[in-house]
Amino acid sequence: MSREVRVRFAPSPTGPLHIGGVRTALYNYLFAKKNGGKFLLRIEDTDQTRFVPGAEDYIKDSLDWLGITADESPWNPGEVGPYRQSERKADYMQYALDLVEKGHAYYAFDTSEELEAMRKRLTAARVVQPQYNSITRTQMKNSLTLSEEEVKERLASGDPYVIRVKIPRKEEVRLNDMIRGWVMVHSSTLDDKVLMKSDGMPTYHLANIVDDHLMGITHVIRGEEWLPSAPLHVLLYKFFGWESTMPQFAHLPLLLKPDGNGKLSKRDGDKLGFPVFPLNWENKATGETAAGFREQGYLPDAFLNFLAFLGWNPGNDQEIFSKEELVEAFSIERIGKSGTKFDIAKAKWYNEQYLRSKPDSELAEFVVADAKSTGTEISPELAENMVRLTKERVTFPAEFWKDYQYIVIAPDTFDEQVASKKWNEDAVKVLTHYAGVLDNFSGTFDAETAKNLLGESAEAEEIKSGKVMQAVRLAVTGVGGGPDLMEIFAILGTAELAKRIRFALDTLSIAG
RNA sequence: GGUCCGUUCGUCUAGGGGUUAGGACGCAUCCCUUUCACGGAUGAAACACGGGUUCGAUUCCCGUACGGACUACCA
């Protein structure tokens with residue numbers, strides 16, 4: 001009988017969650033759902049100096065937006081809470097002490113100045129890697145070098161101290177990563193990492209292992225940046241005697257900058273011309289806002305689909321996956337090993353695909369709202385008509401109104417390039433004739449009728465209608481390209497259409 | 001510097017001892033069309049390098065190069 005799958009996403013609320021983190025959350029979620037397990041969210045806020053107000057809410061909002069819902073979290077606690085490490089503070093010390101008792105950890109009283117001096121001394125002695133380890137700890141102030149009496153005294157008098165792990169001098173540490181296979185490291189290259197800080201808070205390493213154990217975590221799926229410390233984690237499981245329930249590790253390839261230079265970091269922001277955050281983030285300190293995918297117009301399902309494919313693939317040609325399909329198809333075996341460069345063009349393509357699959361009526365709501373925000377009230381019917389005509393031509397919902405509002409609002413300027421090339425006497429003749437026809441028309445003016453009448457006007461002037469079509473378009477819309485013109489005519493109606501044509505006739509002059 | 005991880009078209013990737021090395025995005029050309037898109041068709045475009053192993057290596061092994069992560073009382 002294997003245990004129920006339990007995975008966690010454990011972000012640190014030190015700023016906005018970036019997309020690498022979101023992807024990690026997504027993979028954890030998919031893995032849990034695929035295996036009928038639980039997905040937990042744990043806030044790792046052990047570093048009080050880096051706490052950023054609002055970051056926790058941001059994490060929640062981001063995951064909510066994408067529908068990556070945790071089965072257990074600070075907002076929806078299960079039975080192994082609390083789900084914030086700051087609220088678990090009291091528990092960690094006993095585990096650290098347990099390690100001290102077992103001889104796997106020790107007190108260290110060195111000040112930061114003394115540590116600095118040690119590193120300087122070692123560097124001067126050309127030691128390549130100055131670190132607190134099995135060799136150097138013999139020269140430092142800790143419970144391994146000080147007398148038992150002095151240690152007791154220092155502890156009693158409230159001397160600041162940390163608890164460090166005692167890394168064995170010669171041991172081959174191995175772990176079987178689900179993505180990378182066997183990884184082996186010799187303990188001599190590891191250092192005696194701090195487990196408990198002098199402020200009484202645990203470091204990541206201690207808190208992480210203790211909480212994962214207490215919360216029954218079976219699989220640790222996290223970014224590759226943790227791979228170097230994974231051997232330490234394995235050692236800690238062993239020291240605690242928790243080997244039999246040690247989770248399996250899966251270290252995800254990193255998300256890289258598009259130029260291939262380093263991992264995608266929070267600081268990159270819209271400096272690179274696209275968001276690296278799911279949602280807008282306002283930096284309270286600087287007042288600057290970093291762009292989010294949501295506000296740029298990305299649909300959550302499209303973004304999720306895109307994100308899933310950054311480092312994972314289903315092994316077949318299918319590219320469009322709903323969340324449910326992703327759950328069904330997901331497996332850790334199909335996650336790649338190498339870093340993934342972020343390609344915004346693909347993200348846009350995904351958005352277009354999802355946008356086109358949405359019903360016109362739903363998209364029309366965006367258009368009504370966007371129009372209203374610029375002071376124009378339009379009916380849902382009109383908005384839906386606009387969507388029907390332009391859906392295949394936009395990437396983001398905002399483009400409906402931004403690029404095609406001429407369907408509602410008559411243009412007052414005309415594209416000069418098109419005008420100079422296409423505006424000619426033939427066009428003037430046909431349009432003048434057509435305007436007159438429109439004045440006298442009564443009946444149903446649909447696209448078909450609009451086209452027939454225009455054809456007749458052209459014929460009357462003995463001009464091929466195809467020759468003047470772009471000029472006609474220019475006159476009515478102000479631009480040289482766009483959706484089916486006759487459909488636009490039908491929406492405008494004869495009166496508005498005639499009015500626009502006459503305005504163009506008055507305004508435009510034939511290029512010499 | 002040290003430890004660890006990685007390397008298939010520009011990008012995301014499939015594949016895996018014998019393949020015309022497949023797909024997607026992007027790009028180009030053509031078709032459709034009243035324009036621009038959409039759609040359809042076609043095309044250019046890749047196994048980092050050097051040694052092994054093998055009848056045969058892009059695939060396995062070892063080096064080299066390159067890229068990346070880590071190297072805090074941060075996570």
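Naming: A, B, ... by sequence-line order, numbering from 1 per chain. Quick note: numbers below take in every heavy atom, side chains included, and nothing from hydrogens, waters or symmetry partners.
- Between D199(A) and E225(A), the one whose closest nucleotide on RNA chain B sits nearer the 5' end is E225(A).
- One interatomic measurement links the two molecules: CG of L235(A) to P of C4(B), which rounds to 16 Å at whole-angstrom precision.
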Go through the steps to decide whether F342(A) and F274(A) satisfy the test ring-ring contact (aromatic ring centres under 6.0 Å, His included), and finish with yes or no. CA-CA 10 Å; F342(A) 191 84; F274(A) 58 82; 4.8 Å; yes
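- Of the nucleotides present, A24(B) is the one that pairs with U11(B) by Watson-Crick or G-U wobble criteria, both distances under 3.5 Å.
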side-chain contact (heavy atoms from CB on, under 4.5 Å) evaluation trace for E44(A) with N208(A): CA-CA 8 Å; E44(A) 308 224 328; N208(A) 188 263; 3.7 Å; yes
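- Using a 4.0 Å cut-off between charged side-chain N and carboxylate O, K238(A) and E171(A) make a salt bridge.
- The distance between atom NE2 of H18(A) and atom P of A75(B), rounded to the nearest whole Å, is 17 Å.
- Using a cutoff of 4.0 Å between basic side-chain nitrogens and carboxylate oxygens, E352(A) and K391(A) are not scored as salt-bridged.
- Under 4.0 Å is where a charged nitrogen must lie from a carboxylate oxygen, and between D343(A) and K341(A) no such pair does.
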What's touching nucleotides 61-63 of chain B from the protein side, N or O pairs under 3.5 Å?
none

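- Note on D426(A) versus K467(A): no salt bridge recorded, every NZ/NE/NH1/NH2 to OD/OE distance being 4.0 Å or above.
- The residue V162(A) sits close to a base: some heavy atom pair falls under 4.0 Å.
- If you check every strand for non-hydrogen atoms under 4.0 Å, G466(A) touches nothing.
- Note: CD (E352(A)) to P (C38(B)) measures 8 Å, nearest angstrom.
- Backbone-only engagement by T46(A) is indicated by non-hydrogen atom pairs under 4.0 Å involving sugar-phosphate atoms exclusively.
- Distances shorter than 4.0 Å separate none of the side-chain N or O atoms of R180(A) from OP1 or OP2 on C4(B).
- You'll find a donor-acceptor pair under 3.5 Å spanning the side chain of S198(A) and the base of C73(B), going by distance alone.
- Between R388(A) and E487(A) a salt bridge is recorded (basic side-chain N to carboxylate O distance below 4.0 Å).
- With respect to E459(A) and K464(A), no salt bridge is recorded, no charged nitrogen being found less than 4.0 Å from a carboxylate O.
- Regarding L122(A), its CG atom lies at a distance of 14 Å from the C1' atom of G1(B), rounded to whole Å.
- The existence of a salt bridge linking E87(A) and K89(A) is excluded, since no basic side-chain nitrogen approaches an acidic carboxylate oxygen closer than 4.0 Å.
- With both ends at atom P, the span from C32(B) to A41(B) equals 15 Å, rounded to whole Å.
- Comparing U3(B), U35(B), C73(B) by their nearest atom to the side chain of R473(A) picks out U35(B).
- For M486(A) and U33(B), the CE to P distance is 16 Å, given to the nearest whole Å.
- On the P atoms, U20(B) is 26 Å away from C25(B), given to the nearest whole Å.
- Between the NZ atom of K141(A) and the C1' atom of C73(B) there is a distance of 17 Å, given to the nearest Å.
- Across every strand in view, G1(B) sits in a pair with U71(B) that passes the Watson-Crick or G-U test at under 3.5 angstrom.
- Using a 4.0 Å heavy-atom cutoff across all strands shown, D177(A) reaches no nucleic acid atom at all.
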Between the protein and nucleotides 7-13 of chain B, are there any N/O to N/O pairs under 3.5 Å, and if so, what are the atom names and distances?
residue : atom : partner : partner atom : Å
U11(B)  : OP1  : K341(A) : NZ           : 3.4
C12(B)  : OP1  : K341(A) : N            : 3.0
C12(B)  : O2'  : F309(A) : O            : 3.2
U13(B)  : OP1  : G311(A) : N            : 3.2
U13(B)  : OP1  : T340(A) : OG1          : 2.9
U13(B)  : O3'  : N313(A) : ND2          : 2.9

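- Nucleotides A46(B) and G22(B) are separated by 11 Å at their P atoms, to the nearest Å.
- Rounded to the nearest Å, the gap between the P atom of A28(B) and that of U7(B) is 31 Å.
- Spacing of C1' atoms, C62(B) relative to G68(B), comes out at 22 Å, to the nearest Å.
- Here the separation of U29(B) from A48(B), taken at their P atoms, is 31 Å to the nearest Å.
- Nucleotide A37(B) is matched to nothing when pairs are restricted to Watson-Crick or G-U wobble geometry with both distances under 3.5 angstrom.
- Remark: the backbone N or O of T395(A) is paired with a side-chain donor or acceptor of E399(A) at under 3.5 angstrom.
- At whole-Å resolution of the value, CZ in F249(A) and C1' in A69(B) are 17 Å apart.
- Ion pairing between R137(A) and D192(A) holds under the 4.0 Å rule for side-chain N and carboxylate O.
- Within the 4.0 angstrom heavy-atom criterion, no nucleotide atom of any strand lies near N208(A).
- Atom-to-atom, CG of D484(A) to P of C32(B) comes out at 18 Å; the value is rounded to the nearest Å.
- Closest to the side chain of A345(A), out of A75(B), G26(B), C4(B), is G26(B).
- With C1' as the reference atom, U8(B) and A57(B) are 14 Å apart, rounded to whole Å.
- The listed nucleotides are G26(B), C73(B), C4(B); the one nearest the side chain of V194(A) is C73(B).
- The side chain of E224(A) has C5(B) as its nearest neighbour among U34(B), C5(B), C25(B).
- Comparing the C1' positions of U58(B) and G50(B) gives an interatomic distance of 15 Å, to the nearest angstrom.
- For the pair R164(A) and Y107(A), the NZ or CZ position fails the cation-pi test of under 6.0 Å to the six-membered ring centre and within 45 degrees of the ring normal.
- Using a 4.0 Å heavy-atom distance criterion, P483(A) is classed as a base contact.
- Residue-level contact check: M201(A) touches neither bases nor backbone, having no heavy atom under 4.0 Å from any strand.
- Here C49(B) sits opposite G63(B) as a Watson-Crick or G-U wobble pair (both hydrogen-bonding atom distances under 3.5 Å).
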